[in-house]
Amino acid sequence: MLDIQTLRNDLAGVAARLATRGYTLDTAKFEQLEAERKTIQTRTQELQAKRNSTSKLIGQAKAKGADTSAIMAEVATLGYELKQLEEQLERVQHELNAFLSVIPNTPHASVPAGKSEADNLEVRKFGSIPKFAFEVKDHVSLGEELGGLDFDTAAKIAGARFSLLKGPLARLHRALAQFMLDTHTEQHGYMETYVPYLVNADSMRGTGQFPKFEDDQFHICADNLYLIPTAEVPVTNIVRDEIVALEDLPLKFVSHTPCFRREAGSYGRDTRGMIRQHQFDKVELVQIVHPEKSYEGLEQLLGHAETILQKLGLPYRIVKLCTGDMGFSAALTYDIEVWLPAQNTYREISSCSNFEAFQARRMQARFRNAQGKPELLHTLNGSGLAVGRTLVAILENNQQADGSVTIPEVLRHYMGGMEILRAS
RNA sequence: GGAGAGGUGGCCGAGAGGUCGAAGGCACGCCCCUGCUAAGGGCGCAUACGAGCUUAAACUUGUAUCGAGGGUUCGAAUCCCUCCCUCUCCGCCA
């Protein structure tokens with residue numbers, strides 16, 4: 001949510017910044033709603049003040065045992081108009097709120113202007129792209145030949161966009177999550193958290209999934225709960241409606257969770273393999289920081305995610321998303337894209353964003369500043385990393401001519417010393 | 001699932017239709033005393049929004065907010081209804 005004060009003071013400026021990300025702010029509507037709100041609110045408050053002061057007089061008169069019938073008749077006539085006004089005010093405020101809650105965040109000044117993925121800015125590359133003396137297979141072929149990846153059975157059990165992992169491949173998947181968690185807790189200073197995978201609507205609103213992206217979520221109707229699309233939702237909402245002590249900042253959390261996405265609107269995209277699933281595991285990094293430290297924190301968080309790829313020996317690049325490609329709540333986003341030989345391209349494996357106060361304002365997540373006043377925090381998060389896609393990257397990048405796959409050094413002790421995956 | 005108790009400021013906790021945005025305490029901030037690591041005294045200390053003043057802040061003032069929503073009333077933290085959440089006991093259960 002944007003700051004309504006900023007909208008009032010610099011509506012044209014905000015509209016211009018939003019236009020760079022392809023969002024047309026209906027400034028006329030905002031102005032009209034604001035004008036209405038102001039008129040109604042002023043009048044309502046006048047009447048309320050009158051009612052309150054008169055009622056106070058009644059109280060005083062009654063305490064003295066005086067007759068109050070005249071004064072009571074006078075105040076009684078206020079009732080009807082006041083009720084009308086209060087209803088109107090509520091309606092306008094709801095409308096304003098609905099209007100505000102679907103406006104995306106304003107991009108940071110350094111975000112390159114652009115319309116789509118094609119306009120993203122490559123920041124740096126790491127690692128060299130592997131050369132193969134044989135025809136590369138994709139992870140689906142590799143996984144099926146290894147006997148550990150079974151999409152047909154997954155489809156029988158649940159449907160399309162689910163996967164079934166078996167044997168060493170399932171173990172490698174677990175090993176990856178363990179390795180990521182251990183690295184972030186032991187080397188990067190994050191606190192491990194275990195969180196609910198079902199959340200309420202308030203939490204979804206807090207991080208910006210609601211109201212705009214309700215269709216993308218799995219909804220448990222009987223209990224009115226939602227499956228989390230990312231650990232960002234439960235973890236960031238830890239600080240919803242909280243006032244964090246200044247000395248406790250920054251808060252750094254890491255959490256390994258499954259993520260559930262309906263992928264409505266992506267029919268036909270990445271239908272083969274594990275790239276786009278209704279359910280996937282992710283290790284998520286979340287930082288709750290002082291507003292002056294958020295960009296510094298984002299660079300660090302990005303580095304923490306990169307470390308995982310470096311340790312795994314996977315080639316990747318960092319891309320700064322352009323205005324048109326950023327998510328709804330983000331002010332600045334770096335994507336980490338891992339090299340996938342079978343697709344001969346880089347594919348997103350992590351997305352690291354600074355939301356500034358956008359989520360904090362929705363959540364009323366604050367800290368007490370040096371003056372003792374509550375002030376909105378800044379929130380950051382990033383994948384560190386998407387486990388399924390990391391598995392895909394390892395299979396494809398580490399494949400051998402005979403269809404076996406070498407296990408990265410750092411994962412071997414999580415694999416009971418296994419060095420290579422082979423068809424049994 | 002059954003029975004009961006409860007949700008009040010950053011925290012604890014009183015209030016049980018009128019002068020209550022809410023006693024008292026803790027924490028915090030400023031000042032004083034003392035002088036040494038602990039204590040005494042004074043003052044201040046919720047948030048959001050509106051209006052005034054202003055470059056702005058500060059300030060003044062109004063309104064709303066005592067889990068949420070509705071109702072009764074001239075007036076609701078307080079009475080009534082619905083919902084949500086927490087706790088205790090019983091049942092079931094990984």
Side-chain angles (χ1 to χ4, degrees), chain A residues 1-10 13 30-101 194 196-206 210 220-226 234 237-249 251 258 288 290 357 360-377:
Chain A
M1 195 121 75
L2 296 179
D3 183 12
I4 194 163
Q5 299 288 4
T6 314
L7 281 162
R8 286 183 190 137
N9 295 336
D10 184 24
F30 178 76
E31 280 172 334
Q32 175 235 318
L33 282 172
E34 262 293 281
E36 243 178 273
R37 192 216 91 235
K38 210 163 179 171
T39 317
I40 298 168
Q41 184 168 346
T42 309
R43 180 70 186 139
T44 306
Q45 292 190 352
E46 270 170 26
L47 290 186
Q48 283 169 332
K50 187 163 180 203
R51 181 201 59 198
N52 289 349
S53 58
T54 315
S55 291
K56 217 166 253 187
L57 289 178
I58 294 172
Q60 286 165 1
K62 283 210 161 168
K64 286 183 217 146
D67 174 52
T68 56
S69 54
I71 198 166
M72 279 173 72
E74 184 195 330
V75 78
T77 61
L78 286 179
Y80 182 74
E81 191 186 356
L82 192 51
K83 191 164 185 158
Q84 301 292 308
L85 282 166
E86 281 172 344
E87 277 167 14
Q88 279 179 41
L89 184 61
E90 195 182 346
R91 203 168 52 238
V92 173
Q93 274 169 339
H94 269 121
E95 239 181 288
L96 252 176
N97 209 29
F99 180 83
L100 286 174
S101 62
Y194 171 79
Y197 301 159
L198 290 167
V199 299
N200 57 34
D202 284 341
S203 294
M204 286 292 204
R205 229 185 321 276
F210 282 7
I220 310 294
C221 300
D223 299 284
N224 208 17
L225 291 168
Y226 301 85
N237 274 279
I238 289 173
V239 294
R240 173 155 56 85
D241 295 320
E242 297 291 333
I243 298 180
V244 181
L246 184 60
E247 60 268 26
D248 292 337
L249 297 177
L251 296 173
I288 311 294
H290 190 285
R361 189 170 294 110
R362 291 171 166 251
M363 291 191 297
Q364 282 304 296
R366 297 169 294 175
F367 69 102
R368 217 167 268 286
N369 67 20
Q371 288 73 47
K373 291 285 165 203
E375 196 181 319
L376 293 172
L377 288 156

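Lettering follows sequence order; numbering is per chain, from 1.
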Atom [atom1], compared across [N] and [M]: separation rounded to whole Å:
N	M	atom1	value
B/rA76	B/rC20	C1'	11 Å
B/rU61	B/rC80	C1'	35 Å
B/rA56	B/rG62	C1'	22 Å
B/rU88	B/rC32	C1'	49 Å
B/rU19	B/rA23	C1'	15 Å
B/rU47	B/rG21	C1'	11 Å
B/rA16	B/rC11	C1'	24 Å
B/rG17	B/rC90	P	36 Å

Checking all strands, does [X] fall into the base, sugar-phosphate, or nothing category for heavy-atom contacts under 4.0 angstrom?
X	answer
A/K50	nothing
A/E86	nothing
A/I243	sugar-phosphate

- Secondary structure of RNA chain B in dot-bracket form (Watson-Crick or G-U wobble, distances below 3.5 Å, | marking inter-strand pairs): ((((((((.[[[..)..(.....]]].(((((.......))))).(((((((......))))))).[[[[[..)....]]]]])))))))....
Taking only residues two or more places apart in sequence or in another chain, which ones pass side chain to side chain contact (heavy atoms under 4.5 Å, CB included) with [X]?
X	value
A/T42	A/E46
A/E86	A/T44, A/Q48, A/R51, A/L82
A/K50	A/T54, A/E74, A/L78
A/Q84	A/Y80

Taking side chain to side chain donor-acceptor pair (under 3.5 Å) as the definition, give me every residue that meets it alongside [X], ordered by chain and number, with sequence neighbours left out.
X	value
A/Q32	A/E36
A/N224	A/H219
A/E375	A/N369
A/D202	A/R205

- Message: Taking A/M1's backbone N and O only, do any of them form a donor-acceptor pair with A/R361's side chain (distance below 3.5 Å, no angle check)?
- Response: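 Side chain of A/R361 to backbone of A/M1, a donor-acceptor pair under 3.5 Å: yes, one is there.
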- Note on the structure: Ranking A/Q5 and A/K373 by the position along RNA chain B of their nearest nucleotide, the one closer to 5' is A/K373
- Query: Of A/R368 and A/N52, whose closest RNA chain B nucleotide lies nearer the 5' terminus?
  - Reply: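 Its nearest nucleotide lies further toward 5', so the answer is A/R368.
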- Item | Residues which pass ring pair (Phe, Tyr, Trp, His ring centres under 6.0 Å) with A/F210, listed by chain and number, not counting sequence neighbours | A/Y226
- First and last nucleotide of RNA chain B in contact with chain A, 5' to 3', at under 4.0 Å to a heavy atom: what are they? B/rG10 to B/rG75
- Task: Name every residue in residues 37-45 of chain A that has at least one heavy atom under 4.0 Å from any atom of RNA chain B, in order of residue number, or write none if there are no such residues.
- Result: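 By residue number: A/R37, A/K38, A/Q41, A/T42, A/Q45.
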- Message: Before you tell me yes or no, could you show the steps for A/N52 and A/S55 under side-chain hydrogen bond (donor to acceptor under 3.5 Å, both in side chains), namely the whole-Å CA-CA distance, both residues' side-chain angles and the distance that decides it to 0.1 Å?
- Response: CA-CA 5 Å; A/N52 289 349; A/S55 291; 5.7 Å; no
- Would A/R43 and A/E81 pass as an ion pair if we require N to O under 4.0 Å? yes
